[in-house]
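Beneath this line is the structure, given in structure tokens, with notes to follow.
All chains are named by letter (A, B, ...) in the order of the sequence lines, taking the proteins before the strands, and each is independently numbered beginning at 1. Note that these values count all heavy atoms, side chains included, but never hydrogens, waters or copies made by symmetry.
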2 protein chains.
Amino acid sequence: MDISVLHNSILFKGFDDTEIAELMKALNAAEKNYKKGTMIFSSGEITDKLCFVTAGGVTIESNDMWGNRTILNLVGKGQFFAESYALLPDVPMLVDVCAAEDCSIVFLSMKSLADLNDTIRARLLANLLTITTRKNLHLSSRSFHTAPRQVRGRIMAYLNTVSVQKHSREFDIPFDRQQLADYLNVERSVLSNELSKMQRDGLIRCRKNHFEII
Amino acid sequence: MDISVLHNSILFKGFDDTEIAELMKALNAAEKNYKKGTMIFSSGEITDKLCFVTAGGVTIESNDMWGNRTILNLVGKGQFFAESYALLPDVPMLVDVCAAEDCSIVFLSMKSLADLNDTIRARLLANLLTITTRKNLHLSSRSFHTAPRQVRGRIMAYLNTVSVQKHSREFDIPFDRQQLADYLNVERSVLSNELSKMQRDGLIRCRKNHFEII
DNA sequence: GAAAGTATGTTGTAATTACAACATTTTGGG
DNA sequence: CCCAAAATGTTGTAATTACAACATACTTTC
């Protein structure tokens, strides 16, 4: 197991190595590996496991009965997912979680939270709050990216956000074309087409997942 | 101030009247009234106030420079909003908050959280976690409602969710036509038109904000 | 209860998207 | 290096949506 990435995570912020080791034990930490494309959770499942990506990445997505995929979020190395379901253990998952590439996930049992002493628990809860509130902002962001009615507007909304985050007009995005299309809720072919037009119009330059805003 | 609605809120779950009174003081609780249409927060503002609706309701929305409105959420009596921004006090708001009708809001200062003792704080943080995780599920829900490419699919996705929540095929929705259109990210006229077609097709019956799924 | 204002429904046309089919480029084994 | 597979780009047509303009219904106020 990759210790350093967990030690640097938001969840354990402010905890020293000894405390983290104890918490890992108390929360039944267990790591598992997944091949690209594997489904880690399916819609309808129940879980009390807070999940942490130690390697690779996963997509949080919804797949309807006609095979349409909507990507809500991409969770990369060093980030958490399923925190809402772990903390509301009655609620069945509304989403699928899928390995976007080969990946390793650490599972932490949240039902064990109640056993911790108040001080440790308060510190951990404060960190969990940071995780959930940040996730909230991510979900809001996606809403703004999909809000424009037209494909070009959605692309620009998304690219602007990434550009601001990376403090640069030139950056890589974590999505391939199909994933970006499913994230922005548009047809892949329409996305490709629009990206071409935007390059012809001198708005952007792009090659694969490298983008430049002009 | 309407005490009972605050006492029954998720935030104070498990606290007795004396504790709640102390907490209200510690968190500088203050109530304010707003007329329908008033903007309570604007995009870009910073706040550390957790907000609670004691009467009426507000919309969490995004208004772009062309006057297009996207409603992310409708927050009614007994519910909280701005919790993400209150808990991440560096982050400027991405959204506007607008009084959907005449309403009363209680503001609770979250910067005072650190002063509480561990036990009280752990209990309060646990409740805050419930608020943020539920908000997360709400935001996810909206993503599913706006995921279908076609207007009819979006309407059905939304109505199904409401129907399941209310355990009935017949129910009222909290939106008027313009709000529903802005929530589902479609044109109001297209929404009205599609609702008419769906009634002709025998899928639903509706009058004003009362709906029945057939 | 009339008038004014607001909300909702209807319709037509221009613009956009969905979808399918196919071309081209890139990637990963052997 | 070549081949197969995957990813990305292109194009055309049918279907859908955006937008504007207007009709109707419902509410509020005087």
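Among residue pairs with one or both ends in residues 170-190 of chain B, those qualifying as ring-ring contact (aromatic ring centres under 6.0 Å, His included) are B:H145-B:Y183, B:Y158-B:F175, B:Y158-B:Y183, B:F175-B:Y183; sequence neighbours excluded. Sequence neighbours left out, the pairs with a member in residues 27-78 of chain B that pass ring-ring contact (aromatic ring centres under 6.0 Å, His included) are B:F52-B:F80. Screening residues 77-86 of chain A for side-chain hydrogen bond (donor to acceptor under 3.5 Å, both in side chains) gives A:E83-A:K135 as the qualifying pairs, with residues at least two apart or on separate chains.
Here the CG-CE distance, from A:L87 to A:M110, works out to 6.5 Å after rounding to the nearest 0.5 Å. Taken from CG in B:L139 to CG in B:L137, the straight-line distance is 9.0 Å, to the nearest 0.5 Å. Note: B:T59 OG1 to B:D182 CG = 9.0 Å, rounded to the nearest 0.5 Å. In this structure, the separation between NZ on B:K166 and OG1 on B:T161 is 12.0 Å, given to the nearest 0.5 Å.
Along DNA chain D, the nucleotide nearest A:R188 and the nucleotide nearest B:N68 are compared for position; the residue whose nucleotide lies closer to the 5' end is A:R188.
Taking atom NZ of residue A:K36 and atom P of nucleotide D:dA5, one finds them 16 Å apart after rounding to whole Å.
Among all heavy-atom pairs drawn from B:D48 and B:P89, the shortest one is CB-CB, 4.5 Å. Contact between B:I173 and B:L180 at its shortest, heavy atoms only, is CD1-CD2, 4.0 Å. Scanning both residues, B:T133 and A:T132, for their nearest heavy atoms gives CG2-CG2, 3.9 Å. Considering every non-hydrogen atom in both A:L124 and A:L11, the closest pair reads CD1-O, 3.7 Å. Between A:N185 and A:R142, the shortest heavy-atom distance links the atoms ND2-NH2, 2.8 Å.
With a heavy-atom cut-off of 4.0 Å to chain A, the contacted part of DNA chain C has its first and last nucleotide at C:dT16 to C:dT27.
Interface residues of residues 148-158 of chain B facing DNA chain D, ordered by number: B:R149, B:Q150, B:V151; criterion, heavy-atom separation under 4.0 Å. Non-hydrogen atoms lying under 4.0 Å from DNA chain C are contributed by nothing in residues 57-65 of chain A. Applying a 4.0 Å cut-off to non-hydrogen atoms, the residues of residues 189-214 of chain A that approach DNA chain C are A:S189, A:V190, A:R207, A:K208, listed by residue number. Contact check of residues 169-186 of chain A against DNA chain D (heavy atom, cut-off under 4.0 Å) returns A:D176, A:R177, A:Q178.
Only one option out of B:L128, B:N127, B:L125 pairs with A:L125 in a side-chain contact (heavy atoms from CB on, under 4.5 Å); it is B:L125.
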Side-chain donor/acceptor pairs under 3.5 Å, residues 201-208 of chain B, sequence neighbours excluded:
{"residue": "B:D201", "atom": "OD2", "partner": "B:R152", "partner atom": "NH1", "Å": "3.1"}
{"residue": "B:D201", "atom": "OD2", "partner": "B:R152", "partner atom": "NH2", "Å": "2.9"}
{"residue": "B:R205", "atom": "NE", "partner": "B:E212", "partner atom": "OE1", "Å": "3.3"}

Could you pull out every donor-acceptor pair under 3.5 Å between side chains of residues 96-105 of chain B and any protein atom, sequence neighbours left out?
{"residue": "B:D96", "atom": "OD1", "partner": "B:S43", "partner atom": "N", "Å": "2.7"}
{"residue": "B:D96", "atom": "OD2", "partner": "B:N63", "partner atom": "ND2", "Å": "3.0"}
{"residue": "B:D102", "atom": "OD1", "partner": "B:K36", "partner atom": "N", "Å": "2.8"}
{"residue": "B:S104", "atom": "OG", "partner": "B:N33", "partner atom": "OD1", "Å": "2.7"}

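When the C1' atoms of four end pairs are superposed on the next four at each end of the helix from C:dG1-D:dC30 to C:dG30-D:dC1, using five pairs per end, the two resulting axes differ in direction by 50°, to 10°.
B:R149 pairs by the salt bridge (charged side-chain N to carboxylate O under 4.0 Å, His left out) definition with A:E187, not counting sequence neighbours.
B:H210 and B:D172 share a side-chain donor-acceptor pair at under 3.5 Å.
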